Participant: 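Quick one: the structure is below, questions incoming.
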Amino acid sequence: MAALSGVRLLTRAVVAARNSAAWRGLSVSATANAASQAQDVRVEGAFPVTMLPGDGVGPELMHAVKEVFKAASVPVEFQEHHLSEVQNMASEEKLEQVLNSMKENKVAIIGKIHTPMEYKGELASYDMRLRRKLDLFANVVHVKSLPGYMTRHNNLDLVIIREQTEGEYSSLEHESARGVIECLKIVTRTKSQRIAKFAFDYATKKGRSKVTAVHKANIMKLGDGLFLQCCEEVAELYPKIKFETMIIDNCCMQLVQNPYQFDVLVMPNLYGNIIDNLAAGLVGGAGVVPGESYSAEYAVFETGARHPFAQAVGRNIANPTAMLLSASNMLRHLNLEYHSSMIADAVKKVIKVGKVRTRDMGGYSTTTDFIKSVIGHLHPHGV
């Protein structure tokens with residue numbers, strides 16, 4: 001037990017170092033040091049990761065992750081928690097348990113936590129409260145075409161970065177007079193600058209050439225005007241990256257007509273939620289696009305388009321691609337490059353070969369079929 005405890009302390013130190021900046025901007029020496037420590041952990045123990053299966057097909061997708069991780073001998077120990085408003089598994093106590101686990105592990109993988117539409121005295125959903133308490137301010141969705149799967153637009157590669165702690169999702173609504181609801185959209189200079197800087201830092205680190213700020217400042221002159229102003233100010237600090245602005249309605253049309261013009265897009269909360277889903281539809285839908293959310297300390301990996309697929313529950317038809325690619329990104333975040341590449345390559349090979357396709361991709365294969373095929377491609381050279 002003492003040895004295992006020592007391994008966990010080392011693991012947390014590595015993960016904490018890995019997460020000191022939201023986009024993992026460590027120096028080369030620090031990264032090399034963390035990688036060597038990660039190799040030590042791989043031999044002796046496992047990385048603790050918080051898992052929230054969520055609602056809808058979330059538990060089935062998490063089962064896929066666990067099966068593939070087991071087959072690939074991934075050194076990760078999942079600490080599973082259940083938080084659901086629709087399954088009567090949501091309470092302050094459960095939320096606190098999840099928060100404590102996240103604060104200890106620093107890394108989580110989560111399914112979609114469904115938010116009921118009914119108002120029951122609390123405006124902020126448990127999903128929103130979780131993100132706020134962890135200050136997961138940056139949501140990143142990398143929309144990339146999958147080789148071998150043809151869609152209306154192919155060879156797409158764009159990134160949507162969304163501020164997700166304020167804006168329209170501030171949960172500040174009230175009835176000022178009978179039949180009159182006021183819903184407040186909160187925009188602050190501090191958080192607008194923070195997400196703009198995150199977007200430009202991300203573009204710099206990933207070798208991207210352009211950032212597009214998406215807004216509606218022509219109508220919301222103060223709120224979106226402040227967001228746009230902050231993006232323009234931050235852009236001046238990154239002269240090597242091209243900067244442009246686009247109104248949200250035009251952005252939606254341009255994404256459908258010519259998505260190749262975009263590289264990195266940064267936007268407030270609601271626009272990001274809509275654009276995430278629109279862009280996911282360009283490359284195959286919610287089942288194939290991974291996503292992640294960052295704070296200064298924590299990293300959460302999830303599907304890019306948050307959709308519970310309640311109609312698919314228990315039918316063994318859900319597409320695990322997005323969740324497996326998110327899990328692969330999580331392993332890269334933990335410095336487990338070998339396992340990350342192995343799983344991502346296996347998923348992409350299954351799709352490229354094209355023999356195993358779930359219903360959302362035009363095939364008849366089950367979730368189980370897809371998982372088995374991925375596992376079959378994990379060790380193509382007998383490694």
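In what follows, every heavy atom counts, from backbone to side chain, and hydrogens, waters and symmetry copies are set aside. These numbers were taken from a predicted model, which means no experiment stands behind them.
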Participant: May I ask you to decide if Arg189's main-chain N or O and Ser192's side chain share a donor-acceptor pair within less than 3.5 Å?
Facilitator: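 Pair absent, no side-chain N/O of Ser192 close to backbone of Arg189.
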Participant: Are Lys191 and Glu163 ion-paired here, with the side-chain N under 4.0 Å from a carboxylate O?
Facilitator: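 Looking at Lys191 and Glu163, the cut-off is not met.
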Participant: With a 4.5 Å cut-off on side-chain heavy atoms, are Thr165 and Arg131 touching?
Facilitator: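 Of all side-chain heavy-atom pairs linking Thr165 with Arg131, none is under 4.5 Å.
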Participant: Report yes or no: do Ile275 and Leu228 belong to one cluster of Ile/Leu/Val/Met/Phe/Trp/Tyr joined by side chain heavy-atom distances under 4.5 Å?
Facilitator: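 Unlinked, Ile275 and Leu228 end up in two clusters.
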Participant: Ignoring hydrogens and geometry beyond distance, is a side-chain donor-acceptor pair present between Thr367 and Glu60 at under 3.5 Å?
Facilitator: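 There is no such pair (donor and acceptor under 3.5 Å, judged by atom type) between the side chains of Thr367 and Glu60.
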Participant: Are there more than 12 heavy atoms of other residues, nucleotides or ligands under 6.0 Å from atom CZ of Arg208?
Facilitator: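 More than 12 within 6.0 Å, yes.
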Participant: Is any side-chain heavy atom of Thr188 closer than 4.5 Å to one of Glu166?
Facilitator: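 Answer yes - side chains close enough.
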Participant: Can you list the steps and then say if Phe78 with Met62 is a side-chain contact (heavy atoms from CB on, under 4.5 Å)?
Facilitator: CA-CA 10 Å; Phe78 289 119; Met62 291 304 176; over 6 Å; no
Participant: Tell me, yes or no, whether the heavy-atom count around Lys372 atom NZ, taken from other residues, nucleotides or ligands under 6.0 Å, exceeds 12.
Facilitator: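 No, because the 6.0 Å sphere around NZ of Lys372 holds 12 heavy atoms or fewer from other groups.
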Participant: Do the side chain of Thr151 and the main chain of His153 share a donor and acceptor less than 3.5 angstrom apart?
Facilitator: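 Between the backbone of His153 and the side chain of Thr151 there is a qualifying donor-acceptor contact (under 3.5 Å).
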Participant: Verify the distance criterion only: is there a donor paired with an acceptor across the side chains of Tyr294 and Asp135 at less than 3.5 Å?
Facilitator: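 Tyr294 vs Asp135: no donor-acceptor pair found between side chains.
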Participant: Side chains of Val266 and Thr212, heavy atoms from C-beta outward: is any pair under 4.5 Å?
Facilitator: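 The answer is no, as the side chains (C-beta and beyond) never meet within the 4.5 Å cut-off.
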Participant: Quick check: are there more than 12 heavy atoms from other residues, nucleotides or ligands sitting under 6.0 Å from CG of Leu222?
Facilitator: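 12 or below, so no.
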Participant: Under 3.5 Å, side chain of Arg357 to main-chain N/O of Ile351, donor-acceptor pair present?
Facilitator: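 Yes, the answer is positive, given that a donor and an acceptor are paired below the 3.5 Å cut-off.
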Participant: Would you say Arg332 and Glu337 make side-chain contact, with heavy atoms under 4.5 Å?
Facilitator: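 Yes, close enough: below the 4.5 Å cut-off.
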Participant: Can you check whether Lys144's main-chain N or O pairs, donor with acceptor, with Asp157's side chain at less than 3.5 Å?
Facilitator: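 No, the answer is negative, given that no donor and acceptor are paired below the 3.5 Å cut-off.
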Participant: If you round to the nearest 0.5 Å, how far is CD of Gln193 from SG of Cys231?
Facilitator: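 Reported to 0.5 Å precision, the distance equals 9.5 Å.
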Participant: So, His333 versus Phe301, ring centres under 6.0 angstrom or not?
Facilitator: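 Yes; Phe301 has its ring centre under 6.0 Å from that of His333.
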Participant: Is Leu237 linked to Phe198 within one hydrophobic cluster, defined over Ile, Leu, Val, Met, Phe, Trp and Tyr using a side-chain heavy-atom separation of less than 4.5 Å?
Facilitator: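 Linked within one cluster.
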Participant: Looking at Glu292, is its backbone amide N or carbonyl O close enough to the side chain of Asn139 to form a donor-acceptor pair, meaning the two atoms are under 3.5 Å apart?
Facilitator: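 Yes.
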Participant: Closer than 3.5 angstrom, by distance alone: can the side chain of Asn105 be matched with the main-chain N or O of Val107 as a donor-acceptor pair?
Facilitator: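 Here the side-chain-to-backbone pair does not exist.
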Participant: Using a 4.5 Å cut-off on heavy atoms from C-beta on, say whether the side chain of Leu334 contacts that of Val76.
Facilitator: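 Yes; the side chains approach each other to less than 4.5 Å.
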Participant: When you compare the side chain of Lys216 with that of Ile247, does any pair of heavy atoms fall below 4.5 Å?
Facilitator: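 Yes, side chains in contact.
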Participant: side-chain contact (heavy atoms from CB on, under 4.5 Å) for Leu52 and Val98? Distances and angles first, verdict last.
Facilitator: CA-CA 8 Å; Leu52 279 175; Val98 173; 3.8 Å; yes
Participant: Is it the case that Ser365 and Thr358 place a side-chain donor and acceptor less than 3.5 Å from each other?
Facilitator: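 Thr358 and Ser365 do not have a side-chain donor-acceptor pair below 3.5 Å.
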Participant: Quick check: does any side chain N or O of Lys210 sit under 3.5 Å from a backbone N or O of Gln261, one acting as donor and the other as acceptor?
Facilitator: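 Confirmed, Lys210 side chain pairs with Gln261 backbone.
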Participant: Could you check Asp263, Val264, Leu255 and say which one makes a side-chain contact (heavy atoms from CB on, under 4.5 Å) with Leu158?
Facilitator: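 Filter result, single survivor: Leu255.
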Participant: Have Gln254 and Asn250 got a donor and an acceptor in their side chains that come within less than 3.5 Å?
Facilitator: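 Yes - a donor-acceptor pair under 3.5 Å links their side chains.
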Participant: So, Ser326 side chain and Ala322 main chain: donor-acceptor pair closer than 3.5 Å or not?
Facilitator: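 Checking the backbone N and O of Ala322 against the side chain of Ser326, a donor-acceptor pair under 3.5 Å is found.
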Participant: Answer with yes or no after comparing the ring centroid distance for Phe243 and Tyr238 against a 6.0 Å cut-off, counting only values under it.
Facilitator: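 No; Tyr238 has its ring centre 6.0 Å or more from that of Phe243.
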Participant: From Ile375 CD1 over to Phe69 CZ, what is the distance, rounded to the nearest 0.5 angstrom?
Facilitator: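 Result: 12.0 Å between the selected atoms.
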Participant: Any chance the side chains of Asp201 and Thr204 put a donor and an acceptor closer than 3.5 Å?
Facilitator: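 Thr204 and Asp201 do not have a side-chain donor-acceptor pair below 3.5 Å.
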Participant: Test side-chain contact (heavy atoms from CB on, under 4.5 Å) on Leu146 and Val283 and set out the steps.
Facilitator: CA-CA 7 Å; Leu146 293 166; Val283 296; over 6 Å; no
Participant: Applying a strict under-4.5 Å side-chain criterion to I, L, V, M, F, W and Y, I'd like to know whether Met246 and Val211 cluster together.
Facilitator: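 Same hydrophobic cluster.
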Participant: Let me check something: do Tyr338 and Val374 share a hydrophobic cluster, defined by ILVMFWY side-chain heavy atoms less than 4.5 Å apart, either directly or through other members?
Facilitator: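 In one cluster with Tyr338: Val374, yes.
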Participant: Looking at Lys66 and Glu80, does any basic side-chain N land under 4.0 Å from a carboxylate oxygen?
Facilitator: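 Salt bridge flag = yes for Glu80 with Lys66.
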Participant: Pick from Ile274, Ile160, Ile161: which one makes a side-chain contact (heavy atoms from CB on, under 4.5 Å) with Met267?
Facilitator: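 Exactly one option meets the side-chain contact (heavy atoms from CB on, under 4.5 Å) with Met267, and it is Ile160.
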Participant: Between Ser340 (side chain) and Ser328 (backbone), is there a donor-acceptor pair under 3.5 Å?
Facilitator: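 The answer is yes, because a donor-acceptor pair under 3.5 Å joins these two groups.
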Participant: Using a 4.5 Å cut-off on heavy atoms from C-beta on, say whether the side chain of Leu325 contacts that of Val288.
Facilitator: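 They are not in side-chain contact.
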Participant: Is Lys206 close enough and on-axis enough to Tyr202, meaning under 6.0 Å and within 45°, for cation-pi?
Facilitator: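 The answer is yes, since Lys206 meets both limits relative to Tyr202.
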Participant: With side chains defined as the heavy atoms from C-beta onward, is the minimum distance between Glu168 and Tyr271 less than 4.5 Å?
Facilitator: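 The answer is yes; the side chains approach within 4.5 Å.
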Participant: With the threshold set at 4.0 Å, does a side-chain nitrogen-carboxylate oxygen contact exist between Glu96 and Lys133?
Facilitator: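 No.
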Participant: Does a donor on one side chain and an acceptor on the other come within less than 3.5 Å for His377 and Asp345?
Facilitator: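 There is no such pair (donor and acceptor under 3.5 Å, judged by atom type) between the side chains of His377 and Asp345.
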Participant: Between the side chains of Tyr169 and Asn273, is a donor N or O closer than 3.5 angstrom to an acceptor N or O?
Facilitator: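 Per modelled atom types, Tyr169 and Asn273 side chains form a pair under 3.5 Å.
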Participant: Is it true that Tyr149 and Tyr260 fall in one hydrophobic cluster, defined by side-chain heavy atoms closer than 4.5 Å?
Facilitator: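 Same cluster.
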Participant: Side chains of Gln79 and Thr50 only: does a donor on one sit below 3.5 Å from an acceptor on the other?
Facilitator: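 Thr50 and Gln79 do not have a side-chain donor-acceptor pair below 3.5 Å.
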Participant: Quick check on side-chain contact (heavy atoms from CB on, under 4.5 Å): which of Val141, Ile109, Leu61, Ile110 does Glu302 satisfy it with?
Facilitator: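 Per the side-chain contact (heavy atoms from CB on, under 4.5 Å) rule, the option paired with Glu302 is Ile110, out of Val141, Ile109, Leu61, Ile110.
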Participant: Checking Glu175 side chain against Gly179 main chain: does a donor-acceptor pair fall under 3.5 Å?
Facilitator: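 Between the backbone of Gly179 and the side chain of Glu175 there is a qualifying donor-acceptor contact (under 3.5 Å).
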Participant: Go through the steps for Val350 and Ser373 under the test side-chain contact (heavy atoms from CB on, under 4.5 Å), then give the verdict.
Facilitator: CA-CA 7 Å; Val350 170; Ser373 188; 3.4 Å; yes
Participant: Verify the distance criterion only: is there a donor paired with an acceptor across the side chains of Asn154 and Ser145 at less than 3.5 Å?
Facilitator: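 No.
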